Novice: 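One structure follows; several queries about it will come next.
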Number of protein chains: 2
Amino acid sequence: MIININNNMENPNTVTIQKEWERQLQQTGSRLTEPRRAILKVITESDHPLTPIQIYDQARQSEPYLGLVTVYRTIEILENLHLIDRIHNLGQCQTIFRGTSGHQHLLTCTQCGSSVHFEGLLAEAQFEEIAAFNGYKISGHWLQLYGLCQQCLKEEHEN
Amino acid sequence: MIININNNMENPNTVTIQKEWERQLQQTGSRLTEPRRAILKVITESDHPLTPIQIYDQARQSEPYLGLVTVYRTIEILENLHLIDRIHNLGQCQTIFRGTSGHQHLLTCTQCGSSVHFEGLLAEAQFEEIAAFNGYKISGHWLQLYGLCQQCLKEEHEN
DNA sequence: ATTATTATTGATATTGATTATCATTATCAT
DNA sequence: ATGATAATGATAATCAATATCAATAATAAT
Ligand SMILES: [Mn+2]
Ligand SMILES: [Mn+2]
Ligand SMILES: [Zn+2]
Ligand SMILES: [Zn+2]
């Protein structure tokens with residue numbers, strides 16, 4: 001089953017989400033400030049991923065003296081609380097690996113970085129279905145698996 | 001079926017891969033230079049994803065006067081030829097989106113950026129299997145779907 | 001309510017990666 | 001060999017992200 005969990009800007013309980021985030025901030029020892037409220041508002045009300053600069057520009061409309069540094073600091077806190085995700089954009093990030101012919105994905109060791117390509121994923125068909133269910137026409141996907149390679153598993157076992 | 005397509009450093013046809021890349025460079029109008037050969041050698045022989053700086057440092061061992069700019073330019077060419085992939089590292093890239101509770105993935109519109117979370121992917125179980133087949137113990141994965149949202153599909157149709 | 005403690009803020013400076021510029025050099029078709 | 005020009009690398013510029021620190025604001029204690 002495929003479930004759509006999205007809450008978008010028109011959703012009336014957006015305000016509840018912000019209040020919930022504020023509660024979590026306080027409960028974990030962070031102080032509740034106007035700059036932070038402005039940042040939370042922007043993030044909780046957006047239905048797109050935003051760059052720190054975009055968050056900064058939007059939040060300054062209600063909090064003109066906001067500093068960009070505060071945006072970075074707030075993002076870090078929200079990430080530690082698992083309230084936000086960091087999204088990868090196509091064409092960003094700069095780690096280069098030789099490709100293979102055809103359509104493949106990568107399995108990478110988080111310890112030593114060694115990587116292998118694989119293909120033959122059965123899920124590809126389901127991607128279409130998920131997109132269609134949400135009204136999207138799919139054009140591509142991004143998949144990477146992370147883990148420990150045989151070598152690193154062995155070394156970990158020895159210690 | 002899951003097929004491992006990896007060619008690593010010990011693989012004797014690594015040299016063939018570099019020759020093949022050189023052939024493609026020439027065939028598409030690029031000149032074959034010593035700095036480029038040194039860069040190709042590093043990338044084709046590596047079994048990890050490398051940053052531009054890492055490629056630069058390794059390639060300077062055989063090509064001491066190599067400039068970092070040339071590394072960036074060569075990467076761009078190789079990317080256009082689809083000979084390399086740009087790999088995302090965990091914790092890099094800075095586009096922020098509110099998360100949801102639980103384990104979900106994101107479907108994003110490449111036109112307007114609007115995004116929805118989904119869960120219930122059937123493939124998750126297969127990830128373990130793929131990793132095990134390659135001798136890896138999986139610890140996580142990264143999946144994003146890209147496409148056009150309903151709104152952008154409609155607008156595209158109108159033009 | 002007042003005060004004390006200290007987390008938070010934002011101005012400023014710094015770092016570090018990526019891109020732009022341009023005179024010099026090397027490749028390759030002729 | 002020669003010439004046209006693609007490619008190179010030194011240098012400078014840009015831009016995001018991080019570090020520093022005195023001033024400020026939020027919270028707990030009184
Ligand atoms: Mn795929
Ligand atoms: Mn998943
Ligand atoms: Zn490893
Ligand atoms: Zn759209």
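Note that the structure is a prediction, hence the values are computed from the model and not measured. The chains referred to below are lettered A, B, ... by the order of the sequence lines, with proteins before strands, and numbering in each begins at 1.
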Novice: Rounding to a whole Å, what distance do you find between B/Leu50:CG and C/dA17:C1'?
Specialist: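 Value for this atom pair: 16 Å.
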Novice: Specify the separation, in whole Å, of atom OH of A/Tyr65 and atom P of C/dA11.
Specialist: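 The answer, rounded to whole Å, is 9 Å.
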Novice: Give, for atom CD1 of A/Ile138 and atom CG of B/Leu107, the distance between the pair rounded to the nearest 0.5 Å.
Specialist: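 Atom-to-atom, A/Ile138:CD1 and B/Leu107:CG are 6.5 Å apart.
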Novice: Taking the nucleotide of DNA chain D with the closest heavy atom to each, which residue, A/Thr33 or B/Leu66, is nearer the 5' end?
Specialist: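 Going by which nucleotide is closer to the 5' end, it is B/Leu66.
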Novice: With respect to the phosphate group of D/dA26, does any side-chain polar atom (N or O) of A/Arg36 fall under 4.0 Å of OP1 or OP2?
Specialist: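 Answer is no, no contact under 4.0 Å.
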Novice: Can a donor-acceptor pair under 3.5 Å be found between the side-chain atoms of A/Arg31 and the base atoms of C/dT6?
Specialist: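 Side chain to base: pair present.
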Novice: Verify side chain to side chain contact (heavy atoms under 4.5 Å, CB included) between B/Leu25 and B/Ile77, making sure each step is shown before the conclusion.
Specialist: CA-CA 8 Å; B/Leu25 281 181; B/Ile77 294 170; 3.4 Å; yes
Novice: Which nucleotide sits closest to the side chain of A/Ile53: C/dT9, D/dT8, D/dA16?
Specialist: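 My answer, after comparing the listed nucleotides, is D/dA16.
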Novice: Mind calculating the distance between CD1 (B/Ile96) and C1' (D/dA17) to the nearest angstrom?
Specialist: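 Atom CD1 in B/Ile96 sits about 12 Å away from atom C1' in D/dA17.
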Novice: Tell me which nucleotide among D/dA16, C/dT8, D/dG9 gets nearest to the side chain of B/Pro35.
Specialist: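 Selected nucleotide (nearest to the side chain): D/dG9.
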Novice: Take the protein atom OH of A/Tyr56 and the nucleotide atom C1' of D/dC15, then report the distance between them rounded to whole Å.
Specialist: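 Taking OH of A/Tyr56 and C1' of D/dC15, I get 14 Å after rounding.
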Novice: Side chain of A/Val69 only, please: which of D/dA19, D/dA7, C/dT9 is the nearest?
Specialist: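 The listed nucleotide nearest to A/Val69's side chain is D/dA19.
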Novice: Pairing check on C/dA20: which nucleotide meets the Watson-Crick or G-U wobble criteria with it, both distances under 3.5 Å?
Specialist: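 Paired with D/dT11.
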Novice: Rounded to whole angstroms, how far apart are CG on B/Leu25 and C1' on C/dC28?
Specialist: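 My rounded result for the distance is 15 Å.
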Novice: Expressed as a whole number of angstroms, how long is the span from B/Gln26:CD to C/dT27:C1'?
Specialist: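 My rounded result for the distance is 10 Å.
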Novice: What's the spacing between A/Asp57 CG and A/Leu66 CG if we round to 0.5 Å?
Specialist: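 That separation rounds to 10.0 Å.
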Novice: With heavy atoms under 4.0 Å as the rule, sort A/Leu68 into base, sugar-phosphate or nothing.
Specialist: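 Counting heavy atoms under 4.0 Å across all strands, no contact is made by A/Leu68.
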Novice: Can you tell me how the ring of B/His141 sits relative to the ring of B/His103, calling it parallel under 30°, perpendicular over 60° and tilted otherwise?
Specialist: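 Ring orientation, 0 to 90° scale: perpendicular.
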Novice: Find the distance B/Ile39:CD1 to D/dT8:C1' and express it as a whole number of Å.
Specialist: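 Nearest whole value for this atom pair: 10 Å.
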Novice: Salt bridge check: are B/Arg73 and B/Glu76 linked by an N-O gap of less than 4.0 Å?
Specialist: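 Result for this pair is no, no salt bridge flagged.
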Novice: Please state how far atom CD1 in A/Ile75 lies from atom C1' in D/dT18, giving the value in whole angstrom units.
Specialist: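 A/Ile75 atom CD1 is separated from D/dT18 atom C1' by 13 Å.
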Novice: Using the closest heavy atom to pick a nucleotide of DNA chain C for each, name whichever of B/Glu34 or B/Arg73 lands nearer the 5' end.
Specialist: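 The 5'-side residue here is B/Arg73.
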Novice: Considering only D/dA16, D/dT27, C/dG10, which nucleotide approaches the side chain of A/Leu32 most closely?
Specialist: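 Nearest to the side-chain atoms of A/Leu32, counting from C-beta on, is D/dT27.
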